[in-house]
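Heads up: the structure comes next, in C-alpha cells.
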Amino acid sequence: MTQGRYVEALGREAQKEIGDTMLIDAPSNDAPYVPLDSAYSPETFAPILKKLVVNPANFDLDDVRSAFYHLAAPDGAQPSQIGAFLAALHLTGKDSQPSVVAACADVMQRHALSVDVGNFGQGPICDIVGTGGDGHNTFNVSTTAGIVAAGAGCRVYKHGNRAATSSSGSADILMSLGCPVMTLPPSSISQVAKKSPFLFLFAPNYHPAMVRVAPVRKAIAFPSVFNALGPLINPARPTAMIVGVHSPRLGPIFVEALRITGVKRAWVVCGKEGLDEISPAGPTNVWDLENGVITEKEISPATFGLEPNSIESVKGGSPSENAATLQALLGGRLPLDHPIENFVVANCGALLFLSGLAKDPVDGVRLARESIKTGKAAGALDAFRAASQDGAVKQ
C-alpha cells in the first residue's frame, strides 16, 4: 500500500495519541527574527478561519498554507484566532491528515532560518529522533545512537529541543556533555559540519517566526498539529531517518508525511509497549519507506542478533546522569551484554542500515560496536563538542 491511500480513513483518533513532540520554544538571543509579509493580518485571517469552521469539507491545502503563513507572520493573527484555528483543525480531524501535516511543515521550513551544512562526508544526511510522549523516560538512545553512527562514518545532523515529556531531552544531555547547542547559531553550522560528522540543530534557533504561537500551544489543553512537525522541519533536510512514535496510530501519519516532504529512506518505529524507539524488550512495529513505497513489518531484538532486555533496564535519569552513562558507553566501560549498550547499538544499527553503510541490521550492530571499540564514537562527540564551543555565541 503506498502514498496517500496508505493512511485512508485513519480519522481524528490518531491525533489524540500525539504527545508533546518537539515543542518549539523561544529562540536563543543570537537567533535573528526574519520579518514576514505585512499583508498578513487578523482581518485577512478571519475569513480563512471562518471557512474552516463553517465549511471544513472545502478547506483545502491552499487554505492550510495560507492559514500557516498568517500564524508565521508577526501580526498575522490574534492569539484567540490562533487557538480557534488549532481547535478547529483538530476537531475536524484535518491535523491527522498527512497532507495537511506536510503542508504545515512546508510553510515552517520556508520561514525557518536558512542553514548551510556544506557537503562534507559521504552518504545521505541522516537523523534519528524519538518524538516523545511515551511516558517511559528511557535513556537518551537517539542522541547516543546518532553519535555512535557518526563515529561509524554516517552524517548525523539531528534537529531537536530540550525535554518536553521526559527528564532529559537531546539538547539537555548534549549541554551536560559540554556542547553549547542552545547558543550555536545557524551561521556557524557549516564550520561545525566541516569538523564534525555529528551536528545538533537546536530547533528554536531555526524557527523564530513560530515563537508567538508557543504561549497559545501551552494554554490549550490538547495536542495540535505542531506536535507532529518536529521530525519534518529539520533545516538540514535529511533524506534518511528513523522516527520513533509512541502509538501505532501515528505510524502511518508520520511515514506518509515523511514521504510527501521528500525523505527517501525511513523507518517510523513504535515499540509494542508504546515506546518511541526500537524496543529492547520485544516486538517493534515498523513503517518502512523506501523509494516512495511504504510497507509495514515487525522487528525484534533478534533482528539485530541481540537478546531482549526489559524497558526498566534502560530507564534514564537526569541529563547529567545520562551524560555519565553515555560517556561510560563511549569509553568502553559497558559490557556487550549491558542493556543500555544493546539498546544503543540496535537503534544505531538500524540507522546505519538505512544510511546504506550496513548491509543489514546485524551488520549495523557490528559497525556500531566497532565505532565504540575503536574510539571513533568518542572522537565524534569530542569533535562536535570542540567545534560547537568554537562556533557558539559567547555569553
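Contact check on Glu290 versus Lys264 returns no salt bridge, with no Lys/Arg side-chain nitrogen under 4.0 Å from an Asp/Glu carboxylate oxygen. Salt-bridge annotation for Glu370 and Lys373: absent, with no side-chain N of the basic residue lying under 4.0 Å from a carboxylate O of the acidic one.
For Val156 against Ala150, the heavy-atom pair with the smallest separation is CG2-N, 4.0 Å. Residues Ser388 and Pro180 approach most closely at OG-CD, 3.3 Å, considering heavy atoms. The nearest pair of heavy atoms linking Phe202 to Val181 is CB-O, 3.5 Å. Among all heavy-atom pairs drawn from Ala346 and Phe304, the shortest one is O-CE2, 3.2 Å. Taking all atoms of both residues into account, the shortest heavy-atom contact from Leu330 to Ala377 is CD2-CB, 3.7 Å.
Thr239 has its side chain out of reach of Val263: every pair of non-hydrogen atoms, C-beta onward, lies at least 4.5 Å apart. Put simply, the side chain of Phe120 reaches to within 4.5 Å of the side chain of Ser190, judged on heavy atoms. Taking the side chain as every heavy atom from C-beta outward, Tyr206 and Val115 approach each other to under 4.5 Å. Between Asn205 and Leu184 the shortest side-chain heavy-atom distance does not fall below 4.5 Å. At a threshold of 4.5 Å between non-hydrogen side-chain atoms, the residues Glu296 and Val286 do not count as touching. Side-chain contact between Leu177 and Phe384: absent, with no pair of heavy atoms (C-beta onward) separated by less than 4.5 Å. Looking at Ile147 and Leu326, their side chains come closer than 4.5 Å, going by heavy atoms from C-beta outward.
The environment of Lys50 atom NZ is sparse: at most 12 non-hydrogen atoms of other residues, nucleotides or ligands sit within 6.0 angstrom. Within a 6.0 Å radius of CZ in Arg333, more than 12 heavy atoms belonging to other residues, nucleotides or ligands are found. Within 6.0 Å of the NZ atom in Lys376, the count of heavy atoms belonging to other residues, nucleotides or ligands does not exceed 12. Residue Gln327 qualifies as enclosed at atom CD: its count of foreign heavy atoms under 6.0 Å is above 12. Counting non-hydrogen atoms of neighbouring residues, nucleotides and ligands closer than 6.0 angstrom, the NZ atom of Lys297 exceeds 12 such neighbours. Taking a 6.0 Å sphere around CD of Glu307, one finds it holds 12 or fewer heavy atoms contributed by other residues, nucleotides or ligands.
Taken to the nearest 0.5 Å, the OG atom of Ser96 stands 7.5 Å off from the NE2 atom of His90. A distance of 12.0 Å separates CG in Leu86 from CD in Gln81, rounded to the nearest 0.5 Å. In this structure, NZ in Lys315 is found 14.0 Å from CD in Glu321, a value given to the nearest 0.5 Å. Interatomic distance, Leu89 CG to Gln97 CD, rounded to the nearest 0.5 Å: 8.5 Å. Once rounded to the nearest 0.5 Å, the distance linking OG1 of Thr144 with CG of Leu174 reads 8.5 Å. Within the model, atoms CZ of Phe68 and CG of Leu61 stand 12.5 Å from one another, a figure rounded to the nearest 0.5 Å.
Counting only N and O atoms by type, the side chains of Ser80 and Gln78 include no donor and acceptor under 3.5 Å apart. With 3.5 Å as the limit, one finds no donor-acceptor pair spanning the side chains of Thr284 and Glu298. Side-chain contact of Thr44 with His70: a donor-acceptor pair under 3.5 Å is present, judged by distance alone.
Cluster membership for Ile278 and Leu352, using ILVMFWY side-chain heavy atoms within less than 4.5 angstrom, is not shared. Neither Leu367 nor Val345 shares a network with the other; the hydrophobic side chains, linked directly or stepwise wherever heavy atoms of I, L, V, M, F, W or Y lie under 4.5 Å apart, form separate groups for each. In the hydrophobic clustering of ILVMFWY residues, with side-chain heavy atoms under 4.5 Å counting as a link, Ile220 and Phe85 come out together. Residues Val362 and Leu336 fall into different hydrophobic clusters, defined by Ile, Leu, Val, Met, Phe, Trp and Tyr side chains chained together at heavy-atom separations under 4.5 Å. Both Ile82 and Phe59 are part of a single hydrophobic cluster, where members link through side-chain heavy atoms under 4.5 Å apart.
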- request: Quick one: do Glu43 and Ser41 satisfy side-chain hydrogen bond (donor to acceptor under 3.5 Å, both in side chains)? Show the steps, please.
  value: CA-CA 5 Å; Glu43 290 72 29; Ser41 69; 3.3 Å; yes
Check against side-chain hydrogen bond (donor to acceptor under 3.5 Å, both in side chains), Thr138 and Glu277: CA-CA 9 Å; Thr138 53; Glu277 315 282 359; 5.0 Å; no
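Here the two rings, on His111 and Tyr69, have centers that are under 6.0 Å apart.
A cation-pi arrangement is absent between Arg385 and Phe198, since the terminal nitrogen or guanidinium carbon is not both under 6.0 Å from the aromatic centre and inside a 45° cone about the axis.
Here the side chain of Ser196 pairs no donor or acceptor atom with the backbone of Val192 at under 3.5 angstrom. A donor-acceptor pair is defined here as one N or O able to donate and one able to accept, closer than 3.5 Å; no such pair exists between the side chain of Asp106 and the backbone of Ala102.
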